[in-house]
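In what follows, a single structure is set out as C-alpha coordinates and then discussed.
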Amino acid sequence: MAPAPPPAASFSPAEVQRRLAAGDCWVRCGARLYDLTGFVRHHPGGEQLLRARAGEDVSADLDGPPHRHSANARRWLEQYYVGELQGDPQGSVENGTVASVNTQKTDPLMEPKFKVVDWDKDLVDWRKPLLWQVGHLGEKYDEWVHQPVTRPIRLFHSDLIEALSKTAWYSVPLIWTPLVLYLSWSYYRTFAQGNVRLFASFSTEYSVAMPKSVFPGLFVLGLLLWSLTEYLIHRFLFHMKPPGDSYYLILLHFVLHGQHHKAPFDESRLVFPPVPASLGIAFFYALLQLLLPEAVGGTVFTGGLLGYILYDMTHYYLHFGSPHKGSYLYNMKAHHVKHHFAHQQSGAWVAQWVKRLTSAHGFQPCIRLCANSLEPGHASDSVSVSLPLPHSSLLSLSLSLSLSLSQI
(Lines give C-alpha, C1' and ligand atoms only; values in the text may rest on other atoms or scores of the structure.)
Protein backbone atom coordinates (compact mmCIF):
# COMPACT_ATOMS: atom_id res chain seq x y z
CA MET A 1 0.00 0.00 0.00
CA ALA A 2 1.39 3.39 -1.01
CA PRO A 3 2.16 5.75 1.89
CA ALA A 4 -0.24 8.61 2.42
CA PRO A 5 0.96 11.96 1.07
CA PRO A 6 2.31 14.33 3.73
CA PRO A 7 -0.20 16.88 4.98
CA ALA A 8 -0.04 20.32 3.41
CA ALA A 9 1.62 23.04 5.46
CA SER A 10 -0.72 25.60 6.98
CA PHE A 11 -0.10 29.26 7.69
CA SER A 12 -2.00 31.65 9.91
CA PRO A 13 -2.92 35.08 8.54
CA ALA A 14 -0.33 36.60 10.88
CA GLU A 15 2.39 34.36 9.41
CA VAL A 16 1.43 35.33 5.90
CA GLN A 17 1.38 38.99 6.86
CA ARG A 18 4.92 38.75 8.25
CA ARG A 19 6.14 37.37 4.94
CA LEU A 20 4.38 40.12 3.03
CA ALA A 21 5.96 42.74 5.29
CA ALA A 22 9.37 41.21 4.51
CA GLY A 23 8.81 41.86 0.81
CA ASP A 24 7.60 38.42 -0.31
CA CYS A 25 4.74 38.17 -2.79
CA TRP A 26 2.22 35.61 -1.59
CA VAL A 27 -1.21 35.22 -3.16
CA ARG A 28 -3.95 32.68 -2.74
CA CYS A 29 -6.74 30.86 -4.55
CA GLY A 30 -9.35 30.18 -1.95
CA ALA A 31 -7.33 28.77 0.96
CA ARG A 32 -4.37 27.66 -1.21
CA LEU A 33 -1.26 29.82 -0.76
CA TYR A 34 1.38 30.51 -3.44
CA ASP A 35 4.75 32.20 -3.02
CA LEU A 36 5.30 34.13 -6.27
CA THR A 37 8.33 36.07 -5.04
CA GLY A 38 10.61 34.36 -7.54
CA PHE A 39 8.16 34.83 -10.41
CA VAL A 40 7.25 38.51 -10.21
CA ARG A 41 10.04 39.55 -12.63
CA HIS A 42 8.78 37.13 -15.27
CA HIS A 43 5.08 37.97 -15.09
CA PRO A 44 3.99 39.25 -18.53
CA GLY A 45 1.67 41.78 -16.92
CA GLY A 46 4.56 43.30 -15.01
CA GLU A 47 5.89 43.01 -11.47
CA GLN A 48 3.67 45.75 -10.05
CA LEU A 49 0.52 43.94 -11.10
CA LEU A 50 1.42 40.97 -8.90
CA ARG A 51 2.80 43.13 -6.08
CA ALA A 52 -0.51 45.00 -5.95
CA ARG A 53 -2.33 41.68 -5.35
CA ALA A 54 0.01 40.37 -2.65
CA GLY A 55 -2.03 38.75 0.13
CA GLU A 56 -5.21 38.70 -1.96
CA ASP A 57 -7.34 35.98 -3.53
CA VAL A 58 -6.48 35.92 -7.25
CA SER A 59 -9.10 33.34 -8.28
CA ALA A 60 -11.13 35.96 -10.13
CA ASP A 61 -8.01 37.38 -11.80
CA LEU A 62 -7.18 33.96 -13.26
CA ASP A 63 -10.49 34.03 -15.12
CA GLY A 64 -10.12 37.65 -16.25
CA PRO A 65 -10.52 40.35 -17.22
CA PRO A 66 -8.31 41.26 -18.99
CA HIS A 67 -7.99 37.63 -20.08
CA ARG A 68 -8.58 34.10 -18.88
CA HIS A 69 -5.31 32.43 -17.91
CA SER A 70 -4.47 29.27 -19.82
CA ALA A 71 -4.34 25.77 -18.38
CA ASN A 72 -0.54 25.92 -18.61
CA ALA A 73 -0.49 29.15 -16.60
CA ARG A 74 -2.56 27.44 -13.90
CA ARG A 75 -0.24 24.43 -13.87
CA TRP A 76 2.69 26.85 -13.63
CA LEU A 77 1.07 28.48 -10.59
CA GLU A 78 0.93 25.13 -8.79
CA GLN A 79 4.73 24.94 -8.80
CA TYR A 80 4.69 27.84 -6.32
CA TYR A 81 2.18 26.23 -3.94
CA VAL A 82 3.38 26.41 -0.32
CA GLY A 83 0.38 25.40 1.81
CA GLU A 84 -3.05 26.33 3.12
CA LEU A 85 -4.35 29.44 4.83
CA GLN A 86 -5.88 28.96 8.26
CA GLY A 87 -9.16 30.63 8.91
CA ASP A 88 -11.83 32.00 6.57
CA PRO A 89 -10.72 31.41 2.94
CA GLN A 90 -13.17 34.07 1.76
CA GLY A 91 -11.11 36.87 3.30
CA SER A 92 -7.92 38.68 2.41
CA VAL A 93 -4.79 38.90 4.52
CA GLU A 94 -4.63 42.36 6.05
CA ASN A 95 -2.85 43.51 9.20
CA GLY A 96 -2.46 39.96 10.46
CA THR A 97 -6.18 39.11 10.24
CA VAL A 98 -8.47 37.65 7.65
CA ALA A 99 -10.80 40.43 6.63
CA SER A 100 -14.07 39.40 5.06
CA VAL A 101 -14.38 40.51 1.47
CA ASN A 102 -16.48 39.50 -1.51
CA THR A 103 -14.11 37.38 -3.58
CA GLN A 104 -14.87 34.82 -6.21
CA LYS A 105 -14.26 31.21 -5.27
CA THR A 106 -11.98 29.01 -7.31
CA ASP A 107 -13.57 27.99 -10.59
CA PRO A 108 -14.91 24.45 -9.94
CA LEU A 109 -14.07 23.47 -13.52
CA MET A 110 -10.41 24.25 -12.83
CA GLU A 111 -10.31 22.69 -9.35
CA PRO A 112 -8.83 19.35 -10.57
CA LYS A 113 -5.87 21.27 -11.98
CA PHE A 114 -5.13 22.84 -8.59
CA LYS A 115 -2.87 20.16 -7.19
CA VAL A 116 0.69 19.99 -5.97
CA VAL A 117 3.19 19.23 -8.74
CA ASP A 118 4.56 15.72 -8.15
CA TRP A 119 7.94 15.54 -9.87
CA ASP A 120 8.30 11.85 -8.98
CA LYS A 121 5.25 11.01 -11.10
CA ASP A 122 6.22 12.99 -14.18
CA LEU A 123 6.82 11.20 -17.47
CA VAL A 124 10.58 11.66 -17.08
CA ASP A 125 13.01 11.24 -14.21
CA TRP A 126 14.16 14.78 -13.38
CA ARG A 127 17.11 13.41 -11.41
CA LYS A 128 18.69 12.18 -14.65
CA PRO A 129 19.64 13.94 -17.92
CA LEU A 130 16.50 14.48 -19.99
CA LEU A 131 17.85 14.30 -23.54
CA TRP A 132 18.02 10.50 -23.64
CA GLN A 133 14.60 10.13 -22.01
CA VAL A 134 12.37 12.34 -24.13
CA GLY A 135 12.61 10.15 -27.24
CA HIS A 136 10.76 7.40 -25.38
CA LEU A 137 7.74 9.63 -24.70
CA GLY A 138 6.39 8.96 -28.18
CA GLU A 139 2.97 10.51 -28.81
CA LYS A 140 3.00 12.04 -25.32
CA TYR A 141 6.05 14.18 -26.10
CA ASP A 142 4.28 17.09 -27.80
CA GLU A 143 1.85 17.64 -24.94
CA TRP A 144 4.57 17.15 -22.31
CA VAL A 145 7.08 19.56 -23.84
CA HIS A 146 4.45 22.32 -24.04
CA GLN A 147 3.65 22.15 -20.34
CA PRO A 148 6.30 24.54 -18.97
CA VAL A 149 8.04 24.06 -15.64
CA THR A 150 9.98 26.41 -13.40
CA ARG A 151 13.16 24.43 -12.87
CA PRO A 152 16.48 24.07 -14.70
CA ILE A 153 17.09 21.28 -17.19
CA ARG A 154 20.07 18.94 -17.46
CA LEU A 155 20.56 17.44 -20.90
CA PHE A 156 23.79 15.41 -20.85
CA HIS A 157 25.61 12.99 -18.57
CA SER A 158 29.00 14.56 -19.36
CA ASP A 159 29.73 17.64 -17.27
CA LEU A 160 31.82 19.11 -20.11
CA ILE A 161 29.16 18.70 -22.79
CA GLU A 162 26.52 19.93 -20.37
CA ALA A 163 28.57 23.06 -19.69
CA LEU A 164 28.95 23.69 -23.44
CA SER A 165 25.16 23.46 -23.87
CA LYS A 166 24.56 26.41 -21.51
CA THR A 167 25.73 29.99 -21.44
CA ALA A 168 25.21 33.34 -19.75
CA TRP A 169 23.33 35.99 -21.73
CA TYR A 170 26.31 38.36 -21.92
CA SER A 171 28.46 35.83 -23.78
CA VAL A 172 26.59 36.62 -26.99
CA PRO A 173 27.52 40.34 -27.26
CA LEU A 174 30.90 39.71 -25.63
CA ILE A 175 31.95 37.17 -28.26
CA TRP A 176 30.20 38.28 -31.44
CA THR A 177 30.15 42.10 -31.21
CA PRO A 178 33.96 42.40 -31.70
CA LEU A 179 33.63 40.21 -34.79
CA VAL A 180 30.87 42.46 -36.17
CA LEU A 181 33.04 45.54 -35.62
CA TYR A 182 36.12 43.98 -37.20
CA LEU A 183 34.28 42.63 -40.25
CA SER A 184 32.44 45.94 -40.77
CA TRP A 185 35.72 47.87 -40.73
CA SER A 186 37.47 45.33 -42.94
CA TYR A 187 34.80 45.09 -45.64
CA TYR A 188 34.18 48.84 -45.74
CA ARG A 189 37.90 49.34 -46.41
CA THR A 190 37.65 46.80 -49.22
CA PHE A 191 34.74 48.69 -50.79
CA ALA A 192 36.65 51.98 -50.38
CA GLN A 193 39.45 50.63 -52.56
CA GLY A 194 37.01 50.60 -55.47
CA ASN A 195 37.85 47.18 -56.92
CA VAL A 196 34.74 45.21 -55.83
CA ARG A 197 32.66 44.06 -58.79
CA LEU A 198 29.45 42.05 -58.86
CA PHE A 199 29.07 39.18 -61.39
CA ALA A 200 32.78 39.34 -62.17
CA SER A 201 33.05 35.58 -61.80
CA PHE A 202 30.54 35.13 -64.64
CA SER A 203 31.48 37.92 -67.03
CA THR A 204 34.03 40.71 -66.85
CA GLU A 205 32.21 42.59 -69.62
CA TYR A 206 28.92 42.80 -67.76
CA SER A 207 30.24 42.99 -64.18
CA VAL A 208 28.96 45.82 -62.01
CA ALA A 209 31.25 48.03 -59.94
CA MET A 210 30.23 48.28 -56.27
CA PRO A 211 31.09 51.67 -54.71
CA LYS A 212 31.51 52.09 -50.97
CA SER A 213 28.10 53.79 -50.79
CA VAL A 214 26.41 50.38 -51.13
CA PHE A 215 27.92 49.18 -47.84
CA PRO A 216 25.04 50.44 -45.58
CA GLY A 217 22.41 48.95 -47.90
CA LEU A 218 24.10 45.55 -47.96
CA PHE A 219 24.47 45.66 -44.18
CA VAL A 220 20.75 46.36 -43.73
CA LEU A 221 19.95 43.64 -46.26
CA GLY A 222 21.79 41.25 -43.98
CA LEU A 223 19.60 42.32 -41.06
CA LEU A 224 16.45 41.66 -43.07
CA LEU A 225 17.72 38.34 -44.38
CA TRP A 226 18.48 37.31 -40.80
CA SER A 227 14.84 38.03 -39.91
CA LEU A 228 13.59 35.84 -42.75
CA THR A 229 16.10 33.06 -42.05
CA GLU A 230 15.31 33.03 -38.33
CA TYR A 231 11.59 32.84 -39.07
CA LEU A 232 11.97 29.94 -41.50
CA ILE A 233 14.17 27.98 -39.09
CA HIS A 234 11.80 28.57 -36.20
CA ARG A 235 8.63 27.94 -38.15
CA PHE A 236 9.64 24.78 -39.97
CA LEU A 237 12.39 23.25 -37.82
CA PHE A 238 12.07 24.43 -34.24
CA HIS A 239 8.27 24.15 -34.30
CA MET A 240 7.90 20.97 -36.23
CA LYS A 241 5.85 18.28 -34.52
CA PRO A 242 8.10 15.21 -34.50
CA PRO A 243 6.31 11.91 -35.19
CA GLY A 244 5.72 9.89 -32.06
CA ASP A 245 7.50 6.84 -33.44
CA SER A 246 10.74 8.71 -34.23
CA TYR A 247 13.07 8.63 -31.23
CA TYR A 248 15.79 10.68 -32.93
CA LEU A 249 13.50 13.40 -34.33
CA ILE A 250 12.02 13.91 -30.86
CA LEU A 251 15.55 14.08 -29.46
CA LEU A 252 16.55 16.59 -32.16
CA HIS A 253 13.51 18.78 -31.52
CA PHE A 254 14.13 18.80 -27.77
CA VAL A 255 17.80 19.72 -27.99
CA LEU A 256 17.15 22.45 -30.59
CA HIS A 257 14.11 24.14 -29.09
CA GLY A 258 11.86 21.88 -27.02
CA GLN A 259 14.02 22.38 -23.93
CA HIS A 260 13.31 26.11 -24.09
CA HIS A 261 9.56 25.56 -24.14
CA LYS A 262 9.77 23.07 -21.29
CA ALA A 263 11.81 25.44 -19.08
CA PRO A 264 11.25 28.94 -20.52
CA PHE A 265 12.86 30.69 -17.53
CA ASP A 266 16.03 28.63 -17.37
CA GLU A 267 18.32 31.62 -17.89
CA SER A 268 21.32 29.46 -18.82
CA ARG A 269 19.46 28.24 -21.93
CA LEU A 270 17.83 31.41 -23.21
CA VAL A 271 20.54 32.39 -25.71
CA PHE A 272 22.43 30.15 -28.10
CA PRO A 273 25.68 28.77 -26.60
CA PRO A 274 28.83 30.00 -28.42
CA VAL A 275 30.20 26.59 -29.46
CA PRO A 276 27.15 25.29 -31.36
CA ALA A 277 26.38 28.85 -32.52
CA SER A 278 29.81 29.10 -34.13
CA LEU A 279 29.01 26.08 -36.31
CA GLY A 280 25.86 27.70 -37.68
CA ILE A 281 27.56 31.07 -38.11
CA ALA A 282 30.45 29.45 -40.00
CA PHE A 283 27.96 27.67 -42.30
CA PHE A 284 26.16 30.88 -43.27
CA TYR A 285 29.44 32.73 -43.75
CA ALA A 286 30.74 30.01 -46.09
CA LEU A 287 27.44 29.95 -48.00
CA LEU A 288 27.45 33.71 -48.65
CA GLN A 289 31.12 33.64 -49.62
CA LEU A 290 30.31 30.89 -52.13
CA LEU A 291 27.38 32.77 -53.68
CA LEU A 292 28.65 36.37 -53.65
CA PRO A 293 31.93 38.29 -53.99
CA GLU A 294 33.88 38.25 -50.75
CA ALA A 295 33.17 41.85 -49.68
CA VAL A 296 29.50 41.70 -50.72
CA GLY A 297 28.79 38.38 -49.04
CA GLY A 298 30.85 39.37 -46.00
CA THR A 299 28.93 42.63 -45.54
CA VAL A 300 25.55 40.86 -45.80
CA PHE A 301 26.81 38.26 -43.32
CA THR A 302 27.97 40.96 -40.87
CA GLY A 303 24.55 42.63 -40.92
CA GLY A 304 22.92 39.27 -40.27
CA LEU A 305 25.29 38.60 -37.39
CA LEU A 306 24.32 41.90 -35.78
CA GLY A 307 20.67 40.93 -36.24
CA TYR A 308 21.36 37.67 -34.41
CA ILE A 309 22.97 39.51 -31.49
CA LEU A 310 20.07 41.94 -31.16
CA TYR A 311 17.57 39.14 -31.47
CA ASP A 312 19.11 37.03 -28.72
CA MET A 313 19.43 40.02 -26.40
CA THR A 314 15.83 41.07 -26.96
CA HIS A 315 14.64 37.50 -26.49
CA TYR A 316 16.43 37.35 -23.13
CA TYR A 317 14.89 40.68 -22.09
CA LEU A 318 11.40 39.47 -23.01
CA HIS A 319 11.84 36.68 -20.47
CA PHE A 320 13.63 38.50 -17.66
CA GLY A 321 13.04 42.21 -18.25
CA SER A 322 10.30 44.38 -16.77
CA PRO A 323 9.33 46.88 -19.49
CA HIS A 324 7.03 49.77 -18.65
CA LYS A 325 3.34 49.01 -18.97
CA GLY A 326 1.93 50.09 -22.33
CA SER A 327 5.34 50.24 -24.03
CA TYR A 328 6.17 48.39 -27.23
CA LEU A 329 8.40 45.91 -25.37
CA TYR A 330 5.70 45.42 -22.72
CA ASN A 331 3.24 44.31 -25.39
CA MET A 332 5.85 42.15 -27.08
CA LYS A 333 6.72 40.48 -23.75
CA ALA A 334 3.04 39.73 -23.07
CA HIS A 335 2.66 38.32 -26.57
CA HIS A 336 5.79 36.18 -26.28
CA VAL A 337 4.85 34.75 -22.88
CA LYS A 338 1.41 33.85 -24.25
CA HIS A 339 3.26 31.94 -26.93
CA HIS A 340 4.93 29.86 -24.22
CA PHE A 341 1.82 29.28 -22.11
CA ALA A 342 -1.20 29.38 -24.39
CA HIS A 343 -0.47 29.36 -28.13
CA GLN A 344 2.77 27.47 -28.56
CA GLN A 345 2.21 26.58 -32.21
CA SER A 346 0.97 30.01 -33.24
CA GLY A 347 2.93 32.75 -34.95
CA ALA A 348 2.24 36.44 -34.61
CA TRP A 349 0.15 38.69 -36.75
CA VAL A 350 3.24 40.60 -37.77
CA ALA A 351 1.33 43.62 -39.01
CA GLN A 352 0.36 44.73 -35.49
CA TRP A 353 4.02 44.83 -34.40
CA VAL A 354 5.13 46.68 -37.52
CA LYS A 355 2.25 49.11 -37.07
CA ARG A 356 3.27 49.82 -33.48
CA LEU A 357 6.90 50.26 -34.45
CA THR A 358 6.31 52.52 -37.44
CA SER A 359 3.68 54.57 -35.63
CA ALA A 360 6.18 55.18 -32.84
CA HIS A 361 8.68 56.50 -35.40
CA GLY A 362 6.11 58.46 -37.41
CA PHE A 363 6.54 56.33 -40.55
CA GLN A 364 3.86 54.99 -42.84
CA PRO A 365 5.83 52.54 -44.93
CA CYS A 366 4.53 50.65 -47.91
CA ILE A 367 4.43 47.23 -46.25
CA ARG A 368 2.37 44.15 -46.88
CA LEU A 369 2.87 41.40 -44.36
CA CYS A 370 0.78 38.30 -44.70
CA ALA A 371 1.85 35.99 -41.89
CA ASN A 372 -1.07 33.94 -40.71
CA SER A 373 -1.71 33.02 -37.12
CA LEU A 374 -0.95 29.38 -37.91
CA GLU A 375 -4.26 28.37 -36.41
CA PRO A 376 -6.32 25.51 -37.87
CA GLY A 377 -7.82 26.57 -41.16
CA HIS A 378 -4.85 28.68 -42.25
CA ALA A 379 -2.91 27.07 -45.03
CA SER A 380 0.33 28.98 -45.50
CA ASP A 381 2.52 31.88 -44.50
CA SER A 382 3.90 34.54 -46.79
CA VAL A 383 5.86 37.72 -46.30
CA SER A 384 6.00 40.44 -48.90
CA VAL A 385 7.78 43.68 -48.10
CA SER A 386 8.15 46.87 -50.08
CA LEU A 387 10.26 49.30 -48.10
CA PRO A 388 10.56 53.01 -48.83
CA LEU A 389 11.81 53.39 -45.25
CA PRO A 390 14.48 55.68 -43.85
CA HIS A 391 17.64 53.73 -42.90
CA SER A 392 17.28 54.79 -39.27
CA SER A 393 14.17 52.62 -38.87
CA LEU A 394 15.36 49.54 -40.72
CA LEU A 395 17.37 48.17 -37.82
CA SER A 396 14.37 48.35 -35.51
CA LEU A 397 12.08 46.96 -38.20
CA SER A 398 14.36 43.98 -38.80
CA LEU A 399 14.52 43.18 -35.10
CA SER A 400 10.76 43.59 -34.74
CA LEU A 401 10.12 41.29 -37.69
CA SER A 402 12.44 38.65 -36.29
CA LEU A 403 10.86 38.60 -32.84
CA SER A 404 7.31 38.90 -34.09
CA LEU A 405 7.55 36.31 -36.83
CA SER A 406 8.96 33.65 -34.59
CA GLN A 407 7.34 34.23 -31.16
CA ILE A 408 8.93 31.02 -30.57
Side-chain angles (χ1 to χ4, degrees), residues 170-233 272 274 277-314 354 357-358 360-369 383-405:
Y170 51 80
S171 69
V172 173
L174 195 64
I175 293 173
W176 301 116
T177 301
L179 182 60
V180 168
L181 296 175
Y182 171 76
L183 292 178
S184 298
W185 170 79
S186 177
Y187 288 125
Y188 182 78
R189 283 189 62 192
T190 303
F191 275 107
Q193 293 172 5
N195 54 9
V196 178
R197 303 188 71 85
L198 196 60
F199 308 124
S201 59
F202 299 102
S203 169
T204 55
E205 182 179 356
Y206 296 103
S207 62
V208 179
M210 304 288 286
K212 64 180 182 181
S213 59
V214 304
F215 178 86
L218 292 174
F219 193 92
V220 170
L221 176 63
L223 282 166
L224 296 176
L225 287 177
W226 154 255
S227 299
L228 177 61
T229 301
E230 194 278 334
Y231 166 68
L232 293 174
I233 291 174
F272 218 61
S278 63
L279 300 177
I281 288 172
F283 169 78
F284 284 111
Y285 179 78
L287 179 64
L288 288 169
Q289 290 297 308
L290 181 65
L291 297 176
L292 298 168
E294 179 183 1
V296 176
T299 303
V300 173
F301 167 81
T302 306
L305 184 57
L306 177 61
Y308 159 70
I309 297 170
L310 295 174
Y311 171 83
D312 248 0
M313 293 300 93
T314 306
V354 175
L357 178 71
T358 54
H361 288 279
F363 299 127
Q364 294 298 326
C366 175
I367 286 184
R368 182 170 63 86
L369 289 164
V383 178
S384 175
V385 182
S386 174
L387 284 172
L389 280 174
H391 278 186
S392 60
S393 70
L394 285 176
L395 181 62
S396 299
L397 176 58
S398 174
L399 180 60
S400 174
L401 283 175
S402 184
L403 266 297
S404 303
L405 278 167

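Values below: every heavy atom of this structure, side chains too, minus hydrogens, waters and symmetry copies.
- Looking only at side-chain heavy atoms (C-beta outward), S184 and F215 come within less than 4.5 Å of each other.
- Rounding to the nearest 0.5 Å places CG of L183 at 6.5 Å from OH of Y285.
- Closest approach of G303 to L223, counting heavy atoms only: O-CD2, 3.3 Å.
- Taking each heavy atom of A295 and T190 in turn, the nearest pair found is CB-CG2, 3.8 Å.
- Using a 4.5 Å cut-off on side-chain heavy atoms (C-beta onward), S278 and W176 make contact.
- By the 4.5 Å heavy-atom criterion applied to side chains, Y308 and V172 are counted as neighbours.
- At a threshold of 4.5 Å between non-hydrogen side-chain atoms, the residues F301 and L287 do not count as touching.
- For the pair T302 and V180, the tightest heavy-atom approach, listed with the atom from each and the gap, is CG2-O, 3.6 Å.
- Between V300 and the options L224, L225, L291, a side chain to side chain contact (heavy atoms under 4.5 Å, CB included) holds for only L225.
- How far CD1 of I309 is from CG of L174: 10.5 Å, rounded to the nearest 0.5 Å.
- Counting all heavy atoms, side chain and backbone alike, F191 lies closest to V214 at CE2-CG2, 3.8 Å.
- Side chain of S186 to backbone of Y182: no donor-acceptor contact under 3.5 angstrom is found.
- Counting only heavy atoms from C-beta outward, the side chains of Y187 and E294 approach each other to under 4.5 Å.
- Across all their heavy atoms, P211 and A209 have their closest contact at CD-O, 3.4 Å.
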- Item | Verdict with reasoning, L305 to F284, per side-chain contact (heavy atoms from CB on, under 4.5 Å) | CA-CA 10 Å; L305 184 57; F284 284 111; over 6 Å; no
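- Nearest heavy atom pair, residue T177 against residue P173, reads OG1-O, 2.8 Å.
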